[in-house]
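For reference, the structure is listed below as structure tokens.
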Amino acid sequence: MKRSVISVLSCVLLFSAGSASAVAPLDFPVVPPSIDAASFVLMDYASGDVLAAGNPDDRRNPASLTKLMTGYVIDRALDQKKITMNDIVTVPQEAWVAGNKSLEGSSLMFLKPGDRVSVRDLIRGIIITSGNDACVAMANYVAGSQDSFVGMMNKYVVSMGLTNTHFETVHGLDAPGQYTTSYDLAKLSRAIIGGEPEEYHMYSEKSLTYDNITQQNRNGLLWDKNLQVDGLKTGHTESAGFNIIASATQGDRRLIAVVMGGKSSKGREDQARKLLTWGFREYTSKQIFKANQTVSSEHVWFGANDQVKVGSLSDVFISVPQADADKLKAQYVLTNPQVEAPLNKGQELGNINIVDNGKVIKTVPLVALEDVAQGGIISRAIDYVKLKI
């Protein structure tokens with residue numbers, strides 16, 4: 001049963017965490033820019049819509065983009081009150097480059113064994129200077145060992161639905177069996193931006209001074225005067241090439257560009273800049289529904305109440321080309337036209353279809369916005385007779 005609901009009036013629709021389907025950009029006749037990289041994704045932050053992509057599901061070496069998950073795990077430990085920003089960490093021997101040969105020649109905060117450093121400064125060292133030694137120190141502090149911390153990373157991989165990602169290290173130095181994709185990294189970046197507002201500002205810091213050594217953030221787009229870039233991370237190894245994740249805002253909009261396998265440090269920035277500029281120019285974001293907004297009320301059979309409000313539990317947004325912004329409509333379709341109690345809030349009853357020129361371009365769940373208990377025996381009997389008649 002299909003019902004016309006509402007014309008689009010004016011992004012956070014979360015992609016299904018378990019989706020394993022290949023990534024495809026929105027199906028609009030907008031030609032994306034040519035990107036010189038092995039893999040890339042441009043995602044609208046609010047809607048989660050992919051605006052442009054090239055080989056988004058190709059598994060590649062993440063290099064230091066791994067540190068996004070390292071930071072995510074640390075922030076979950078902060079949220080759970082297992083650690084605090086002001087905790088003081090004693091740097092272990094294995095976080096010292098002289099005592100850990102695998103760190104030689106890599107990005108460092110230049111920690112020494114026995115140094116006492118706050119969790120806040122170690123997080124900044126991970127984000128701003130890409131310090132592999134800071135990753136080791138925090139992994140030991142949070143989980144007791146690097147191996148245990150990597151296990152935590154991969155548990156979050158599963159719970160977040162990052163179906164083409166697996167980590168073997170806390171810092172991203174080359175390791176067999178370690179891989180991710182540009183699409184998974186866009187999803188992870190979106191979770192970081194939305195879930196860590198108090199920590200996210202660190203991704204925009206341009207330098208860090210520790211032990212009288214000042215290092216610059218390797219994300220050169222933070223200095224771009226034409227884009228409001230405030231994160232996130234760069235990475236490079238010989239096998240990975242040059243990677244970057246750049247997020248920028250324009251007004252109330254935010255885009256996330258992931259570029260993997262770029263040709264050079266400047267080249268990865270040029271490609272990310274090209275994606276962001278194109279996305280802001282060609283697309284806009286429209287809010288379809290607000291969270292818990294009543295789309296309609298449906299008749300309920302055999303219930304303590306005879307009506308249930310239906311809609312979406314989340315804000316629903318979509319990214320559309322500028323020219324299509326006022327053409328969208330929304331319809332909803334009930335899976336079963338006979339809605340029966342009992343119902344639980346959040347229970348799926350059908351789909352909301354976003355339609356452009358008669359073509360469905362996006363579908364989100366239609367759910368009950370309230371509980372409806374089963375009615376008494378007499379009211380149920382009356383409904384049974386009504387249905388028979």
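Heavy-atom basis, side chains included; hydrogens, waters and symmetry copies ignored.
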Consider side chain to side chain contact (heavy atoms under 4.5 Å, CB included). Of V333, N351, L334, T335, which one does L366 pass it with? L334
What pair of heavy atoms forms the shortest contact from M202 to R124, and how long is it? SD-CG, 3.7 Å
Taking NZ, NE, NH1 and NH2 as the nitrogens, is one of them in D49 or K362 under 4.0 Å from a carboxylate oxygen of the other? yes
Could you tell me whether E168 atom CD has more than 12 heavy atoms of other residues or ligands within 6.0 Å of it? yes
For this output row, return yes or no: ring centroids of F110 and Y210 closer than 6.0 angstrom. no
Heavy atoms of other groups near E238 CD, more than 12 under 6.0 Å: no
I'd like to know if K101 pairs up with E104 as an ion pair, taking the criterion as any Lys NZ or Arg NE/NH1/NH2 lying under 4.0 Å from an Asp or Glu carboxylate oxygen. yes
Do NZ/NE/NH1/NH2 and the carboxylate oxygens of R253 and D44 come within less than 4.0 Å? yes
Hey, is CZ on R116 packed in by over 12 heavy atoms from elsewhere, all under 6.0 Å? no
Testing the 3.5 Å rule here: is there a donor-acceptor pair between the side chains of T180 and T165? yes
Would a 4.5 Å heavy-atom cut-off, applied to side chains only, mark K309 and E298 as touching? no
Quick one, D87 with R120, criterion salt bridge (Lys or Arg N to Asp or Glu O under 4.0 Å). Give me CA distance, side-chain angles, the key distance, then yes/no. CA-CA 8 Å; D87 285 359; R120 185 186 306 277; over 6 Å; no
So, using salt bridge (charged side-chain N to carboxylate O under 4.0 Å, His left out) as the criterion, who are the partners of K155 when residues are at least two apart? none
Look at the side-chain heavy atoms of Ile, Leu, Val, Met, Phe, Trp and Tyr, link any pair under 4.5 Å apart, and say whether V119 and M152 land in one connected group. yes
For the residue pair S130 / K233, report whether a side-chain donor-acceptor contact shorter than 3.5 Å exists. yes
Check: A95 main-chain N/O paired with N100 side-chain donor or acceptor under 3.5 Å: no
Identified side chain to side chain contact (heavy atoms under 4.5 Å, CB included) partner of L185 from the options M260, M43, R60, M69: M260
Aromatic ring pairing Y156/Y72, orientation class (parallel under 30°, perpendicular over 60°, tilted between): perpendicular
Does the N61 side chain pair with the main chain of A63, one donor and one acceptor, at a distance under 3.5 Å? yes
Strictly by modelled atom types, are N164 and T181 linked by a side-chain donor-acceptor pair under 3.5 Å? no
For the residue pair E199 and H201, confirm or rule out a side-chain donor-acceptor distance under 3.5 Å. no
Atom pair OH (Y45) and CZ (F317), whose distance is rounded to the nearest 0.5 Å: 10.0 Å
Salt bridge K329-D356, side-chain N to carboxylate O under 4.0 Å: no
Under 3.5 Å, is there a donor-acceptor pair between the K67 and T70 side chains? no
Say whether Q374 and E340, considering side chains only, have a donor N or O and an acceptor N or O under 3.5 Å apart. no
Where do T66 and F167 land on the side-chain contact (heavy atoms from CB on, under 4.5 Å) test, with the steps shown first? CA-CA 8 Å; T66 297; F167 295 110; 3.7 Å; yes
Is there a donor-acceptor contact under 3.5 Å linking the side chains of N219 and Y203? no
Would you please test I193 and S247 for side-chain contact (heavy atoms from CB on, under 4.5 Å) and show each step? CA-CA 9 Å; I193 295 168; S247 183; 3.6 Å; yes
Evaluate side-chain contact (heavy atoms from CB on, under 4.5 Å) for L111 paired with V117, printing each intermediate quantity in order. CA-CA 9 Å; L111 301 172; V117 190; 4.1 Å; yes
Flag for D58-S39: side-chain donor and acceptor within less than 3.5 Å: no
Thinking salt bridges, do D270 and R273 make one under a 4.0 Å N-O criterion? yes
Under 3.5 Å side-chain donor-acceptor pair for D174 and S239: yes
Before you tell me yes or no, could you show the steps for L51 and W278 under side-chain contact (heavy atoms from CB on, under 4.5 Å), namely the whole-Å CA-CA distance, both residues' side-chain angles and the distance that decides it to 0.1 Å? CA-CA 10 Å; L51 310 185; W278 174 83; 4.1 Å; yes
